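Following: one structure in structure tokens, then a few remarks.
Bear in mind the structure is a predicted one, so any value in this text is a computation, not a measurement. For ligands, and for the atoms within them, numbers begin at 1 and follow the listed sequence.
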Amino acid sequence: MTDPDAVRARHADGPFLRACRGLPHNTVPVWFMRQAGRALAEYRAIRDDHTFEEVVQTPELAAEVTLQPVRRYGVDASILFSDIVTPVQALGIGVTIKPGVGPVIEQPFRTAEDLDRLRPLEAESDLSFVMQTVDLLVQELPVPLIGFAGAPFTLASYLVEGGPSKSYARTKAMMFSDELTWHRLMDKLAGITLASLRAQVAHGASAVQLFDSWAGALNPVDYQRYVLPHSERILDGLSDLEVPRIHFGVATGELLTLMAQAGADVVGVDWRVPLDEGRRRIPDGVGFQGNLEPAVCLGPWEVVEERVRDVLDRADGAVDHIFNLGHGVLPATDPAILEQVVDLVHREGTVRTSEGDTSRAPVGGDAS
Ligand code: 1CP
């Protein structure tokens, strides 16, 4: 295993980690949520011969798929190829990733007794294939690796609904009708997520992203009561590791302030919120990431170009802005468009370095 601190030191001066820490840098960093898999023909070629689970559980394949978008797009950060349900799958909860659907749970969680099926995660052994993937990646990656995990609410939504959902009715039914069981479930999931993220960092991930993809289904009052304490426990539980913590969810315009308060160093802004408005909702000292609408990338380049410029204008050269989509890459996206987006952001994105307006306290580590 490569020394994880040496790996992080190697990447510390790159624009992605400097932006996460609010430190001056020359180019606006850019990466894309769901950049691995999805749109790339080279990913589909691997998937023609292997199931999703086989790719995730074979370190050489998972590392290759993680590297593909770095080679193709020239992004400033990579994200581990895995899934938010991988840890619970490793604990023996029957989960299948169905092509075109997403995670499907064999026996959904509906009662207090179901919680007995979730034991604590021993990340080194339960997720040994993930740790081996991280070990391989940090040796060869030219850019920092972002580790990730699902936040408790989003994981609970899959376990309780049994698969993807639009209304989260069963999840909310448990939340409102059996608060004790709800908090016990969230507590167990928070422990699993924290163990997974800490292990990814121990193996050399330079930053982590906590995906609370479906938290936007909640209003701020319910988010604060039923979700925030658990996500806060995870983010707080990572603070001693001194890696930037990114916190993102879809349609979370009304939750941005709370998601920052949960302990994030950077908050991901969904595409529905104008980025300047999103930034106003995020407290000073916390960076922001986003937020080109993914579907715009299905349009002609002239439209994409105009929207990329709009995102850059709204970010206003902030030293703590990381360019990204406002949710994941859509499968039908032409990779050539994403390549052009990266070029445009690197060419035209400017970072203001004047004091006062954008500088902020660094996140742990070497602040020099
Ligand atoms: O580049 C990357 O991001 C690749 C690694 C990755 C990540 C970070 C995958 C591979 N999944 C995820 C996170 C993930 N998985 C999230 C959070 C990000 C988001 O909001 O998009 C979520 C909600 C999931 C759950 C999931 N897994 C879905 C969504 C289902 C739904 O409810 O709408 C799907 C389709 C999957 C399967 C999956 N995971 C990853 C890929 C490439 C795929 C497609 C599977 C295939 O190739 O057949």
Side-chain angles (χ1 to χ4, degrees), residues 30-57 61-73 75 77-89 95-105 130 133-134 137 141 143 145-168 171 193 196-197 200 205 207-217 246-252 268-271 289-291 294 324-333 335 338:
V30 46
W31 69 282
F32 303 119
M33 289 186 279
R34 302 295 205 101
Q35 65 190 12
R38 291 278 169 121
L40 291 175
E42 51 269 42
Y43 169 72
R44 298 215 188 96
I46 290 180
R47 284 282 280 107
D48 283 345
D49 298 331
H50 303 275
T51 63
F52 179 80
E53 282 83 352
E54 277 168 8
V55 179
V56 169
Q57 291 167 18
L61 291 178
E64 166 60 21
V65 172
T66 303
L67 279 159
Q68 286 173 345
V70 178
R71 291 191 204 109
R72 173 76 88 116
Y73 303 133
V75 280
S78 59
I79 182 152
L80 176 72
F81 190 78
S82 176
D83 196 78
I84 57 167
V85 296
T86 301
V88 290
Q89 202 172 30
V95 186
T96 316
I97 304 264
K98 288 227 167 106
V101 180
V104 176
I105 315 293
V130 172
T133 305
V134 175
L137 282 167
L141 269 167
V143 292
L145 177 68
I146 304 171
F148 78 90
F153 176 79
T154 295
L155 288 177
S157 82
Y158 285 109
L159 292 181
V160 176
E161 303 293 334
S165 170
K166 284 204 165 70
S167 66
Y168 305 95
T171 312
T193 286
S196 167
L197 290 174
Q200 293 173 52
V208 292
Q209 179 153 328
L210 184 63
F211 281 101
D212 211 350
S213 297
W214 314 133
I246 310 171
H247 196 186
F248 168 79
V250 178
T252 46
V269 181
D270 163 82
W271 57 267
Q289 174 173 279
N291 79 342
N324 204 314
L325 303 181
H327 191 199
V329 173
L330 293 170
T333 310
L338 295 180

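Evaluated by nearest non-hydrogen atom to atom 8 (C) of ligand 1, the leading choice among Y43, F148, W214 is F148. When W31, F81, F52 are ranked by how near their heavy atoms come to atom 45 (C) of ligand 1, first place goes to F52. For atom 35 (C) of ligand 1, the nearest non-hydrogen atom from the set G102, P294, P99, A36 comes from G102. Within the set R44, R38, R34, the minimum heavy-atom distance to atom 14 (C) of ligand 1 is found for R34.
Y73 and F32 have perpendicular rings, their planes meeting at more than 60° on a 0 to 90° scale where under 30° would count as parallel.
Shown in contact with P164 at under 4.0 Å from a heavy atom are these atoms of ligand 1, numbered in order with element: 31 (C), 32 (O). Atoms of ligand 1 found under 4.0 Å from any heavy atom of V101 (numbered from 1 in listed order, with element): 30 (C). Atoms of ligand 1 lying under 4.0 Å from at least one heavy atom of P103, given by number and element, are 25 (C), 26 (C), 27 (N), 28 (C), 30 (C). Close contacts between ligand 1 and Q35 involve ligand atoms 1 (O), 2 (C) [criterion: under 4.0 Å to a heavy atom]. Near I79, meaning under 4.0 Å from one of its heavy atoms, ligand 1 places the atoms 1 (O), 2 (C), 3 (O), 8 (C).
Atom CD1 in I97 sits 6.0 Å away from atom OG1 in T86 (nearest 0.5 Å). Between the CD1 atom of I46 and the CD atom of E64 there is a distance of 5.0 Å, given to the nearest 0.5 Å. Interatomic distance, F153 CZ to Y158 OH, rounded to the nearest 0.5 Å: 11.0 Å. Rounding to the nearest 0.5 angstrom, the gap separating the CH2 atom in W214 from the NZ atom in K166 is 10.5 Å. With values rounded to the nearest 0.5 angstrom, D49 atom CG is found 9.5 Å from E54 atom CD. Within the model, atoms CG of N324 and CH2 of W271 stand 15.0 Å from one another, a figure rounded to the nearest 0.5 Å.
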Side chain to side chain contact (heavy atoms under 4.5 Å, CB included) between N291 and D270, worked out: CA-CA 6 Å; N291 79 342; D270 163 82; over 6 Å; no
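Put simply, the side chain of D212 never gets that close to the backbone of P152: no donor and acceptor are under 3.5 Å apart. Listed for the S213 side chain is no donor-acceptor partner under 3.5 Å among the backbone atoms of V250. Using a distance-only test at 3.5 Å, with no hydrogens or angles considered, a donor-acceptor pair links the side chain of Q89 to the main chain of V95. No side-chain donor-acceptor contact under 3.5 Å links T193 to the backbone of A151.
At a 4.0 Å heavy-atom cut-off, ligand 1 does not touch S165 at all. Neither the backbone nor the side chain of V329 has a heavy atom within less than 4.0 Å of ligand 1. With a 4.0 Å cut-off on non-hydrogen atoms, L80 touches ligand 1 through its backbone and not its side chain. Contact annotation: for Y158 versus ligand 1, heavy atoms closer than 4.0 Å belong to the side chain alone.
A salt bridge between R72 and E42 is present, with a side-chain N of the basic residue lying under 4.0 Å from a carboxylate O of the acidic one.
Looking at atom 19 (C) of ligand 1, its nearest protein heavy atom turns out to be H327 NE2, 3.2 Å. Atom 6 (C) of ligand 1 has its closest protein heavy atom at S82 O, 3.2 Å. Among protein heavy atoms, atom 15 (N) of ligand 1 sits closest to D83 OD1, 2.8 Å. Looking at atom 46 (C) of ligand 1, its nearest protein heavy atom turns out to be R47 NH2, 3.3 Å. For atom 17 (C) of ligand 1, the nearest non-hydrogen atom of the protein is S213 OG, 3.2 Å. Of the protein's non-hydrogen atoms, I97 CG2, 3.4 Å is the one closest to atom 37 (C) of ligand 1.
At least one protein heavy atom sits closer than 4.0 Å to atom 25 (C) of ligand 1.
At under 3.5 Å, not a single nitrogen or oxygen of G37, backbone or side chain, sits near a nitrogen or oxygen of ligand 1.
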